[in-house]
Amino acid sequence: LSSSVSKRPGGIAMRRVPLKAEESVQQGIGKPSVYHAVVVIFLEFFAWGLLTTPMLTVLHETFPKHTFLINGLIQGVKGLLSFMSAPLIGALSDVWGRRSFLLVTVFFTCAPIPLMRLSPWWYFAMISVSGTFSVTFSVIFAYIADITDVRERSTAYGLVSATFAASLVTSPAIGAYLSASYGDNLVVLLATLISLADICFILLAVPESLPDKMRLNTLGAPISWEQADPFTSLRKVGQDTTVLLICITVFLSYLPEAGQYSSFFLYLRQVINFSPKTIAVFIGVVGILSILAQTLFLTLLMRTIGNKNTVLLGLGFQILQLAWYGLGSEPWMMWAAGAVAAMSSITFPAVSTLVSRSADPDKQGLVQGMITGIRGLCNGLGPALYGFIFFLFNVELSGITSIQPDYTLIPGPPFLLGACTVVVAFVVALFIPDHPTPPATPCQTRKSSASLAGAHTNTPLPGSDEDFEPLLEDSNV
C-alpha cells in the first residue's frame, strides 16, 4: 500500500492518504475536537471525585494506626510510576496514535474503583500500580496539539484544565451526600458506571487526532525499538534548553502544590478551625474562580501579555498564595488566599502551551508526557515533604479535632517553604525564551524510520487542498 502511494507516474497523485484520513475519522463521531477531550477528562475525574469521602473512610478503616503514612506511600509509588511511564506512553502515542492510548490510560486508571468495597487491600495495591497509566493528561494535551494551531492551543488547554476543576468542584459534594444518605456501596457503583461510560465514549465517539502521515503504523510496516523507545527521544528533548527550563519550572512550582492538596483541607479543619460545611463552600468557591481564571482570564492574558508572561504571572500569584497560607492565621486570610490560588491555576495550561510550542509536531505526546510525569513525581514527593515539615513543627494532621500547633510566627511552615521553591521556579522561568520555536525538520526522523521499515514517505502535492492538516500549519513540513 505504501509503495503504491509513493509511485506517482506522470505527476498524478494517488489519493490514498485522504481516503485513510476519512476512514480514521469514521472511528468516532465527527472530526477530532477539543470537546472530545473535555468529555473524557470530565468523566474520569468526576468518577474519582465521587470517591473522595468513601476513600478516606476505607483508608482509615484499613490502616487505622498509620493512615497518613500509608496514604503517603501509596501516592509516592503511584507518582514514581507515573514519572517513569508518562514519557513512554507519550512517545508511543506519537507512533501509534492518541485514541488507543486514551482508552488504555482511562481503563487502567479507573480499574481500581470497583475493588474499593470488594477488597480494600487489592484496591490500594491497584491504585499504586495504576500510576503506570495515570497519565491521561499527557495524551489529552497531545490530542489537542494535533487539532489546534498555536493561537488556539492555550484556550483549549485552559478549557481542559477548567473542566478538571469543575469535575472536582461538584463530584466530592455529590459523593459525600450520597454516601451519607445511601451508603458507600452506591457511590462506588455510580463511579464504576461513570468510568464505563467514559470507556464506551472513547470506543464509540472519540476519533483519532494524529494524521496518518504522522504515524508509523501503516499496514505491514514494522516498528523498530528505536522508534518507540522513549529514552532516545527523551535524551534529545533533554538537550533542548527551552524544554529543560520548562521542566525545572514545573517541578519547582508543582511540588508545593501537590503537598498543599494532600494536607490543606485538613489544615483548615484543625489549625484554622473551619467547619466541614465551610470547607465544602471554600472548595466550591475556589473551584468556580479557578474555572473563570482558566477560561476567560487565561485567554485574555495570552492575547495581551503573551505566553511566557502569563506563566510568570501565574507563578507570582502562587508565591503570594502560599506565603499568605503560611503566614495567615485568620479565616478571612484563607479566603483571600484562596481567591489568589484560583488565579494561580493559569500556570499549568500556560506552561503546557509553552512546551507544546517548543516541540516538534511528532513529539507532542513525548513532551506532554514529560510534564505529566514530573507532576506525577511531585504528587509522590509533595505530600511526604509537607508531612515531614509538619512533623518537625509538631503539627500532627491525623485526627479530626482542632489542635493548637507549636509555632511562634509561622502558622503553616510548609506553605512558606513552598513559596520559596516557587520563587526559584520564577527565576528559572525568566530564562525561558519569549518565542520558542520547534526545529525546522520535524519529519526527518519519520522519513528515516519509514525507509528502514521498507515504506516510502507520502509527500503531498503542493496544490492539493485535501492534503492540508491543521497540525502542520505551524511547521515547515
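These figures come from a predicted structure and were not determined experimentally.
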Novice: Ignoring hydrogens, what is the shortest heavy-atom contact between Pro207 and Gly30? Give both atom names and the distance.
Specialist: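 So the two residues come closest at CG-O, 3.6 Å.
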Novice: How many angstroms lie between atom CZ of Phe46 and atom CD1 of Ile174, to the nearest 0.5 angstrom?
Specialist: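 Rounded to the nearest 0.5 Å, the CZ-CD1 separation comes to 4.0 Å.
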Novice: Hey, does the side chain of Gln318 reach the backbone of Ser253 with a donor-acceptor pair shorter than 3.5 angstrom?
Specialist: yes
Novice: Could you report the tightest heavy-atom contact between Gln321 and Ala337, atom names first, then the distance?
Specialist: CG-O, 3.9 Å
Novice: Determine yes or no for a side-chain-to-main-chain donor-acceptor pair under 3.5 angstrom, with Lys308 supplying the side chain and Ile432 the backbone.
Specialist: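 A pair under 3.5 Å: yes.
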Novice: Give the ring-plane orientation class for Phe164 versus Phe137, where under 30° counts as parallel, over 60° as perpendicular and anything between as tilted.
Specialist: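 Perpendicular.
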Novice: Applying side-chain contact (heavy atoms from CB on, under 4.5 Å) between Thr310 and each of Val351, Ile305, Thr353, Leu354, report the one that passes.
Specialist: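 With Thr310 as partner, side-chain contact (heavy atoms from CB on, under 4.5 Å) holds for just one option, Ile305.
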Novice: How far apart are the closest heavy atoms of Ile291 and Ala162, and which atoms are they?
Specialist: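 Between these two residues, the closest heavy atoms are CG1-O, 3.6 Å.
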Novice: Does some side-chain heavy atom of Leu385 sit less than 4.5 Å from a side-chain heavy atom of Leu255?
Specialist: yes
Novice: So Pro256 and Phe415, do their side chains get closer than 4.5 Å, heavy atoms only?
Specialist: no
Novice: Return the OG1 to CD1 distance between Thr295 and Ile346, rounded to the nearest 0.5 Å.
Specialist: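 So the gap between those two atoms works out to 11.5 Å.
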Novice: In Å, rounded to the nearest 0.5 Å, how long is the span from CD1 of Ile319 to OG1 of Thr421?
Specialist: 9.0 Å
Novice: Quick check: does any side chain N or O of Arg117 sit under 3.5 Å from a backbone N or O of Asn185, one acting as donor and the other as acceptor?
Specialist: no
Novice: Is the backbone N or O of Val39 less than 3.5 Å from a side-chain atom of Thr163, with the two atoms forming a donor-acceptor pair by type?
Specialist: no
Novice: Distance check, rounded to the nearest 0.5 Å: Leu189 atom CG versus Asp184 atom CG?
Specialist: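 The CG atom of Leu189 sits 12.5 Å away from the CG atom of Asp184.
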Novice: State, yes or no, whether a side-chain contact exists between Met116 and Pro112 at a heavy-atom distance under 4.5 Å.
Specialist: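 A side-chain contact is absent here, since even the closest heavy-atom pair is not under 4.5 Å.
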Novice: For Cys247 versus Ile374, what's the shortest heavy-atom pair and its separation?
Specialist: CB-CD1, 3.4 Å
Novice: Can you spot which of Leu190, Ile113, Thr192 makes a side-chain contact (heavy atoms from CB on, under 4.5 Å) with Leu51?
Specialist: Ile113
Novice: Kindly indicate whether the side chain of Phe124, heavy atoms from C-beta on, has any atom under 4.5 Å from the side chain of Val58.
Specialist: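 Sidechains of Val58 and Phe124: in contact.
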Novice: Could you state the interatomic distance from CE (Met343) to CG (Leu313), rounded to the nearest 0.5 Å?
Specialist: 6.5 Å
Novice: I'd like to know if the side chain of Ser130 reaches the main chain of Met126, judged simply by a donor and an acceptor atom lying under 3.5 Å from each other, with no hydrogens or angles considered.
Specialist: yes
Novice: Evaluate the side-chain proximity of Val250 to Phe348: yes if any heavy-atom separation is below 4.5 Å, no if none is.
Specialist: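 No, every pair of side-chain atoms sits at 4.5 Å or beyond.
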Novice: Looking just at side-chain N and O atoms, do Ser195 and Glu44 make a donor-acceptor pair shorter than 3.5 Å?
Specialist: no
Novice: Closest approach of Pro32 and Ile147, non-hydrogen atoms and distance?
Specialist: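 That would be CB-CG2, 3.6 Å.
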Novice: Nearest 0.5 Å please: distance from the OG1 atom of Thr347 over to the CZ atom of Phe317.
Specialist: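 Between atom OG1 of Thr347 and atom CZ of Phe317 there are 9.5 Å.
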Novice: Check for a donor-acceptor pair, side chain of Ser181 on one end and backbone N or O of Tyr177 on the other, with a separation under 3.5 Å.
Specialist: yes
Novice: What's the shortest heavy-atom distance between Gly338 and Tyr325, and which atoms?
Specialist: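 Shortest heavy-atom contact: CA-OH, 3.4 Å.
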Novice: Only one of Leu298, Thr148, Ile144 passes side-chain contact (heavy atoms from CB on, under 4.5 Å) with Tyr157; say which it is.
Specialist: Ile144
Novice: Please say whether the positively charged group of Arg99, taken as NZ for Lys or CZ for Arg, lies over the ring of Tyr143, i.e. under 6.0 angstrom from the six-membered ring centre and within 45 degrees of the axis.
Specialist: no
Novice: Kindly indicate whether the side chain of Phe201, heavy atoms from C-beta on, has any atom under 4.5 Å from the side chain of His36.
Specialist: yes
Novice: Show, in sequence, the C-alpha distance, side-chain angles and deciding distance for Tyr123 and Leu118, and conclude whether the side-chain contact (heavy atoms from CB on, under 4.5 Å) test is met.
Specialist: CA-CA 8 Å; Tyr123 168 73; Leu118 298 177; over 6 Å; no
Novice: Going through the checks in order, is the side-chain contact (heavy atoms from CB on, under 4.5 Å) test met by Cys110 and Trp48?
Specialist: CA-CA 8 Å; Cys110 298; Trp48 276 107; 4.1 Å; yes
Novice: Do Leu416 and Leu322 touch side chain to side chain, with heavy atoms closer than 4.5 Å?
Specialist: no
Novice: Keeping the roles fixed (side chain from Glu208, backbone from Gly97), state whether a donor-acceptor pair exists under 3.5 Å.
Specialist: no
Novice: Can you check side-chain contact (heavy atoms from CB on, under 4.5 Å) on Phe141 and Ser356, steps first, answer last?
Specialist: CA-CA 9 Å; Phe141 279 2; Ser356 176; over 6 Å; no
Novice: Begin from the C-alpha positions of Val340 and Trp324 and carry the test side-chain contact (heavy atoms from CB on, under 4.5 Å) through to its verdict.
Specialist: CA-CA 9 Å; Val340 178; Trp324 214 337; 4.3 Å; yes
